[in-house]
Student: 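Right, I'll just put the structure down here and ask away after.
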Amino acid sequence: MADHKQEQYNEKVAVEQHGEPVEGEVFTAENADHLQRRLGNRQIQLIAIGGSIGTAVFVSIATGLVRGGPGSLVIAYTLYSCMLGLINNGVAEMTVLHPVSGGFIRMAGHWVDDAFGFMAGWNFYMYEGLIIPFEITALNLVLSFWSDNIPVAAVCAGCIVAYAAINLLAVKAYGEAEFWLSGGKVILIFMVFMFTFVTMVGGNPQHDAYGFRYWNNPGAFAEFRTTGTLGRFEGFLACLWSASFTVVGPEYISMVAAEAKRPRIYIKAAFKTVYWRFAIFFIGSALCVGIVVPYDSEVLVAILTGESSGGGTAAASPYVIACRELGVGVFPHIVNALLCTSIFSAGNTYTYCATRTLYGLALEGRAPRVLTKCTKSGVPIYCFAITLLFPLLSFLQVGSGSAVVLGWLINLVTAGGVIDYVVMGTTYIFFYRATKAQGIDRQQFPYTGWFQPYSAYIGTTWMVCIVFSPWSVGSFFSYYLMLLLAPCTFTFWKLFKKTKFVKPTEADLVWERPIVDAYEESFLTPPIGFWTEMLQLVGIGRKRKDRRSSTASY
């Protein structure tokens, strides 16, 4: 009887997604809701990269350099990347098994406590929403490299219109746009890496083989707030705070899982490459920034204090600063152009994730049900309309300096991002306990995290310590606003709904798995690899497609 009901439900959802089938045709539902699985392997991989490489890699990372020095920066980014890798290890296991709409925020409510899911969802939504105007503000800073006369309001309006146009299209169109935009990020990051290497060995107009000069003078470790050993330790803590804002990634893969083709294969591949992305993009960036610019650079100090000296170029990127000091001519313009596309791409990804987060909340009744309304192409239209209000905050920079607004937004969202990882780790601990209590062999899962549950315990404990890092009294409100909201939202929902923590023996570990299993089994062709899809862009192997047991192929 249960199987018959499942078949009826699958047919109902499939008809809603594709229309009435022709005679002899059988559809298998892609999801238990209205989202459609249209993202291919290459799109998923580049979206994962696009979500992880944001403005902070090229711009905000300089703040950590000024406060802690190059040595502290590399150590902090390496350590934080390792800790986030432990969190990724757990969320990968859960997401590959349950690639549901809303990702980890719905898992939190499903396996921990409904109030915990309410808190997690609204925290992530606010985090994603607030980071959209951050990217728009950063874009204005980067554009000022070419001219100070570019209208700030026009840039803000243009970004909002562009985000609206891309995200109103079907998810496949969004994926294609993000594929090309994220490709620009990859090109940019390898260009700045190459720039660092070539110039440090003397390949610059001044023929100055500066090498690791700045690690010796002014030194590898800076003092922050106080002097001596304590000051250097506080500088290291500041670098950790910088890393917590810059090093991201697992949450974006979890959020796109519900719209990914063959998630048990393509999403798993995306999660497994996270570790390489951490090592190359984040640790590599921390190393390069400390090579090309000294931590006591007057221009970088001007960024930190919000002074106007140095102008937009100072705020744009340490690499651009290095170019100007070395007398490199054309390269800064190339870097700046690709930096603009990278920043726009990041804002586009955050708009997408915020929309899907609100949709996931609505599916679980943690937001008004009317928000579950989707267009025929699978776009949560009302969720998108509300999310588009956040970019309007970028107009604040019309009255205040861009650097000042940038600082506000960084402080507001950093704690929110770390809370997301605490949620992921805590959710996995409850998930693991449930598998043990119900006698489920995790080795039978499509992906099994290693060193569990110890990875989850270590990673979660680390993130809790980062959240409660001590900061100045003057910055308390901006730093801890998101942290203060978390227990408030949790307590409100727990009292309002009288929720209870989920017992390990009662946790539903089946959930939407039958639908995903049936969807995966409906494919008649083997998975298409990333490089195969890349070759198809130039006409090689285009006949090879994902074909399912119905007459439809995607």
Side-chain angles (χ1 to χ4, degrees), residues 28-33 35-52 84-85 87-108 110-111 124 171-172 174-176 178-179 182 248-278 349 352-353 356-357 359-360 378 420-421 424 427-428 431 442 444-450 452 509 511-523 525-534 546 548 554:
T28 300
E30 299 172 1
N31 276 312
D33 48 65
L35 298 188
Q36 301 175 8
R37 297 191 179 275
R38 296 293 184 269
L39 298 176
N41 197 1
R42 63 178 174 84
Q43 294 167 327
I44 293 169
Q45 292 292 340
L46 268 295
I47 288 173
I49 293 174
S52 60
L84 186 52
I87 297 295
N88 177 79
N89 182 36
V91 74
E93 180 178 321
M94 296 186 296
T95 303
V96 174
L97 184 66
H98 296 277
V100 299
S101 303
F104 71 93
I105 63 170
R106 287 184 67 201
M107 296 175 191
H110 205 72
W111 295 322
F124 188 64
V171 68
K172 187 174 182 179
Y174 159 79
E176 198 63 28
E178 196 56 34
F179 169 80
S182 297
V248 296
E251 61 269 47
Y252 301 109
I253 305 176
S254 179
M255 293 307 297
V256 303
E259 294 175 273
K261 293 181 184 178
R262 312 186 82 148
R264 299 275 167 76
I265 298 169
Y266 297 156
I267 291 296
K268 179 170 72 173
F271 272 117
K272 291 175 72 174
T273 58
V274 162
Y275 310 105
W276 289 106
R277 288 199 289 274
F278 285 171
T349 296
Y352 167 86
C353 286
R356 269 53 181 184
T357 300
Y359 179 69
D420 294 330
Y421 301 134
M424 292 179 194
T427 302
Y428 183 82
F431 172 78
R442 293 173 47 251
Q444 302 302 314
F445 292 167
Y447 178 81
T448 305
W450 40 267
Q452 293 291 10
L509 299 180
W511 202 6
E512 297 177 10
R513 279 182 64 187
I515 296 176
V516 180
D517 289 339
Y519 164 76
E520 293 277 6
E521 292 171 2
S522 69
F523 283 92
T525 54
I528 301 176
F530 173 78
W531 291 111
T532 300
E533 288 194 10
M534 293 295 287
D546 284 320
R548 297 174 59 191
Y554 309 105

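What you are looking at is a predicted structure, and each value in this text was computed from that prediction instead of being measured. These values consider heavy atoms only, across backbone and side chains, with no hydrogens, waters or symmetry-generated copies.
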Student: Could you state the interatomic distance from CG (Asn41) to CD (Glu533), rounded to the nearest 0.5 Å?
Tutor: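 If I round to the nearest 0.5 Å, the distance is 5.0 Å.
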Student: Indicate, with yes or no, if the rings of Tyr352 and Tyr252 have centres closer together than 6.0 Å.
Tutor: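 No, the ring centres sit 6.0 Å or more apart.
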Student: Please report the shortest heavy-atom distance between Leu39 and Gly175, naming the atom on each side.
Tutor: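 Result for this residue pair: CD2-CA, 3.6 Å.
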Student: Asp420 and Phe104: side-chain contact (heavy atoms from CB on, under 4.5 Å), yes or no, with the steps?
Tutor: CA-CA 9 Å; Asp420 294 330; Phe104 71 93; 4.2 Å; yes
Student: If you look at every heavy atom in Ala257 and Ile267, which pair is closest and at what distance?
Tutor: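 What the structure gives for the nearest pair is CA-CD1, 3.8 Å.
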Student: How long is the gap from OG1 on Thr273 to OH on Tyr275, to the nearest 0.5 Å?
Tutor: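 Result: 10.0 Å between the selected atoms.
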Student: Is there side-chain contact between Phe431 and Val91, with heavy atoms separated by less than 4.5 Å?
Tutor: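 A side-chain contact is absent here, since even the closest heavy-atom pair is not under 4.5 Å.
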Student: Measure across Val100 and Trp511 and return the closest heavy-atom pair with its distance rounded to 0.1 Å.
Tutor: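 Here Val100 and Trp511 meet closest at CG2-CH2, 3.7 Å.
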Student: Do Gln45 and Tyr266 have a side chain donor and acceptor closer than 3.5 Å?
Tutor: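 No pair is found: no donor N or O on one side chain lies under 3.5 Å from an acceptor on the other.
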Student: Of all the heavy-atom pairs spanning Asn89 and Gly449, show the shortest one and how long it is.
Tutor: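 The pair with the smallest heavy-atom distance is OD1-CA, 3.0 Å.
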Student: Looking at CD of Glu520 and CZ of Arg262, how far apart are the two atoms once the value is rounded to the nearest 0.5 Å?
Tutor: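 If we round to the nearest 0.5 Å, Glu520:CD and Arg262:CZ are 6.5 Å apart.
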Student: Looking at Glu512 and Arg106, is there a salt bridge between them, counting it only when a charged N and a carboxylate O are closer than 4.0 Å?
Tutor: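 A salt bridge is present here (some side-chain N lies under 4.0 Å from a carboxylate O).
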Student: Is there a side-chain contact between Leu84 and Phe278 in this structure, where contact means two heavy atoms from C-beta onward sitting under 4.5 Å apart?
Tutor: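 Answer yes - side chains close enough.
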Student: Answer yes or no: is there a donor N or O on one side and an acceptor on the other, between the side chain of His98 and the main chain of Leu509, under 3.5 Å?
Tutor: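 Checking the backbone N and O of Leu509 against the side chain of His98, a donor-acceptor pair under 3.5 Å is found.
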Student: Treating Thr532 as the side-chain partner and Ile528 as the backbone partner, does any N or O pair qualify as donor plus acceptor under 3.5 Å?
Tutor: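 Flag not set: sc Thr532 to bb Ile528 has no pair under 3.5 Å.
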Student: Does Trp276, at its CH2 atom, have more than 12 non-hydrogen atoms belonging to other residues, nucleotides or ligands within less than 6.0 Å?
Tutor: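 Result for CH2/Trp276: open.
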Student: So, taking the atom named CE in Met107 and the one named CE in Met94, what distance separates them when rounded to the nearest 0.5 Å?
Tutor: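 Reported value, rounded in 0.5 Å steps: 6.0 Å.
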Student: Looking at every non-hydrogen atom in both residues, tell me the closest pair between Trp111 and Thr427 and how far apart they are.
Tutor: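 Trp111 and Thr427 have their closest heavy atoms at CE3-CG2, 4.0 Å.
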Student: Sub-3.5 Å donor-acceptor pair from the side chain of Thr95 to the main-chain atoms of Ser254, do we have one?
Tutor: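 Such a contact is absent between Thr95 side chain and Ser254 backbone.
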Student: Do Glu178 and Thr349 have side-chain atoms, one donor and one acceptor, less than 3.5 Å apart?
Tutor: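 Yes, Thr349 and Glu178 have a side-chain donor paired with an acceptor closer than 3.5 Å.
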Student: Taking C-beta and beyond as the side chain, do Arg37 and Pro263 meet within less than 4.5 Å on heavy atoms?
Tutor: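 Counting from C-beta outward, Arg37 and Pro263 do come under 4.5 Å.
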Student: If every non-hydrogen atom of Val96 is compared with every non-hydrogen atom of Pro99, which pair is closest and at what distance?
Tutor: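 Distance-wise, the nearest heavy atoms are O-CD, 3.8 Å.
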Student: For Pro250, is there any backbone N or O sitting under 3.5 Å from a side-chain donor or acceptor partner on Asn88?
Tutor: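 No; judged by distance alone, with no hydrogens or angles, the pair does not exist.
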Student: With sequence neighbours left out, write down each residue that passes side-chain hydrogen bond (donor to acceptor under 3.5 Å, both in side chains) with Glu176, or none if nothing qualifies.
Tutor: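 Applying side-chain hydrogen bond (donor to acceptor under 3.5 Å, both in side chains) to Glu176 gives Arg42, Gln43, Trp180.
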Student: For Phe179, does its backbone N or O pair with a side-chain atom of Ser182 as donor and acceptor, under 3.5 Å?
Tutor: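 Looks like no, no N/O pair under 3.5 Å.
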Student: Can you list everything that forms a side chain to side chain contact (heavy atoms under 4.5 Å, CB included) with Ala92? Sequence neighbours excluded, please.
Tutor: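 Only Phe271, Tyr447 meet the side chain to side chain contact (heavy atoms under 4.5 Å, CB included) criterion with Ala92.
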Student: Do you know which of Arg264, Arg442, Lys268 makes salt bridge (Lys or Arg N to Asp or Glu O under 4.0 Å) with Glu93?
Tutor: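 The option that passes is Arg442.
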